[in-house]
Amino acid sequence: MIKPLIAANWKMNKTIAEAEDFAMQAKKKFAAIGRDIIFAPPYTALYAVGKILKGSPVHLAAQNMHWAEKGAFTGEVSAAMLVDAGCDYVIIGHSERRTIFSEDNRLINQKVVVALKSNLKPIFCIGETLEERESEKTFDILRQQLQQGLNNISSDDIRHCIIAYEPVWAIGTGRTATPEQVEKAHSFTRKVIGNLHGAAISDNIPILYGGSVNPENVSGLMSQRNINGALVGGASLDIESFAKIVGF
Ligand code: 13P
């Protein structure tokens, strides 16, 4: 049985002071919660939030990273720098990175490989666009993203990965996928990973859903067998609403 995992992706929101304030409240609220929680603040607030969360059940994630170890990559941040700032996790392949910043499966795969080598656990995002869903390509797209994005990852390493299914049409739109739609995509995802690495491994990989998750829809989603948690955007910015989601 996979412990429920709720992750907050703050995207490009919150100053250092706002992030610290949120982290202090969260540390108190979640001290005894039997759930895994992850915060992904913007780069500028990582270190400050990590210092506050030390010793709490809340872990730190970055929202992105560069694949190179170091060097002349103006504006980029390496995996080692994220570890140095206190991160245990890193979101890789978010649809906003794929669409706005043109990241493709090959580049995303490079990042997953480097993250794992650097002892960062990837929160690897997949998901189809509305057009792909309407033309019944959802499963082909998910299969391709999984096979290419997780290419050359050993069965030993895949155990450290978290998958986040985030249908692009449900992100920030208020249009949540139904629990049944998500369950279908998650069980398909588990099958694809099972074909690559065996059911014993695939059955233990957390698969999160992301896309307009809120306090009202979270329990319906979490009642599905293959939905192990949520990756929350907008509704994670307010401590009260995020706490309701964590306590679903
Ligand atoms: P929203 O919850 O705002 O739809 O964002 C989801 C998301 O992209 C989390 O990574």
Side-chain angles (χ1 to χ4, degrees), residues 4-14 18-19 22 26 35-43 45-46 49 58-65 82 87-103 108 111-112 115 120-130 132-133 138 141-142 145-146 149 161-179 181-182 185-186 189 206-222 224 227-248:
L5 194 171
I6 308 292
N9 176 9
W10 290 348
K11 308 192 179 183
M12 200 168 72
N13 292 289
K14 292 195 189 292
E18 287 165 351
F22 192 106
R35 309 223 143 122
D36 285 329
I37 303 171
I38 299 174
F39 285 177
Y43 285 138
L46 279 175
V49 168
V58 187
H59 294 272
L60 194 66
Q63 299 173 16
N64 180 34
M65 56 170 260
L82 298 180
C87 292
D88 295 319
Y89 297 85
V90 58
I91 298 174
I92 295 180
H94 191 279
S95 72
E96 286 149 17
R97 300 294 320 170
R98 292 178 187 263
T99 54
I100 307 170
F101 301 97
S102 309
E103 293 193 7
I108 289 164
K111 293 188 180 191
V112 173
L120 280 174
K121 298 184 183 97
I123 302 173
F124 170 63
C125 301
I126 55 172
E128 80 288 359
T129 63
L130 186 58
E132 288 159 350
R133 172 160 285 264
T138 298
I141 294 294
L142 296 183
Q145 290 174 337
L146 287 162
C161 291
I162 293 168
I163 313 286
Y165 169 59
E166 297 207 318
V168 180
W169 49 274
I171 297 178
T173 57
R175 186 176 165 184
T176 328
T178 65
Q181 282 173 323
V182 180
H186 284 209
T189 298
I207 308 179
L208 316 181
Y209 165 73
S212 300
V213 174
N214 61 40
E216 284 72 47
N217 60 27
V218 64
S219 57
L221 289 158
M222 291 302 296
Q224 299 290 322
I227 305 181
N228 309 116
L231 180 53
V232 189
S236 76
L237 293 170
D238 172 75
I239 184 73
E240 296 309 328
S241 110
F242 185 64
K244 281 187 197 146
I245 294 173
V246 169
F248 66 86

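All heavy atoms count here, side chains included; hydrogens, waters and symmetry mates do not. For ligands, and for the atoms within them, numbers begin at 1 and follow the listed sequence.
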Is there a donor in the side chain of W169 and an acceptor in the side chain of E128, or the other way round, less than 3.5 Å apart?
-> yes
Check whether any N or O atom of K11, backbone or side chain, sits under 3.5 Å from an N or O atom of ligand 1, and answer yes or no.
-> yes
Does any N or O atom in G234 lie less than 3.5 angstrom from one in ligand 1, N or O only?
-> yes
Against heavy atoms of G211, which atoms of ligand 1 measure under 4.0 Å?
-> 4 (O), 6 (C)
Check whether the ring centres of F242 and F39 lie less than 6.0 Å apart, and answer yes or no.
-> yes
With distance as the sole test, does K14 use its side chain to make a donor-acceptor pair with the main-chain N or O of L237 at under 3.5 Å?
-> yes
Give the ring-plane orientation class for Y209 versus H186, where under 30° counts as parallel, over 60° as perpendicular and anything between as tilted.
-> tilted
Is any side-chain heavy atom of V213 closer than 4.5 Å to a side-chain heavy atom of L221?
-> yes
side-chain contact (heavy atoms from CB on, under 4.5 Å) partner of C125, chosen from I92, I162, L231 | L231
Looking only at distance, does I171 have an N or O less than 3.5 Å from an N or O of ligand 1?
-> no
What atoms of ligand 1 come closer than 4.0 angstrom to any heavy atom of S212?
-> 1 (P), 2 (O), 4 (O)
the protein heavy atom lying closest to atom 9 (C) of ligand 1 turns out to be E166 OE2, 2.9 Å
Below 3.5 angstrom, do we get any N/O pair linking N9 and ligand 1?
-> yes
Short N-O contact, K111 and E103, less than 4.0 angstrom | yes
Under 4.0 Å from any heavy atom of L231, which atoms of ligand 1 are there?
-> 9 (C), 10 (O)
Identity and separation of the nearest protein heavy atom to atom 2 (O) of ligand 1 | G233 N, 2.9 Å
Considering residues, nucleotides and ligands other than K11, do more than 12 of their heavy atoms fall under 6.0 Å from its NZ?
-> yes
Which atoms of ligand 1 sit under 4.0 Å from any heavy atom of G172?
-> 1 (P), 3 (O), 4 (O)
Assess A170 for proximity to ligand 1: is some non-hydrogen atom of it under 4.0 Å away?
-> yes
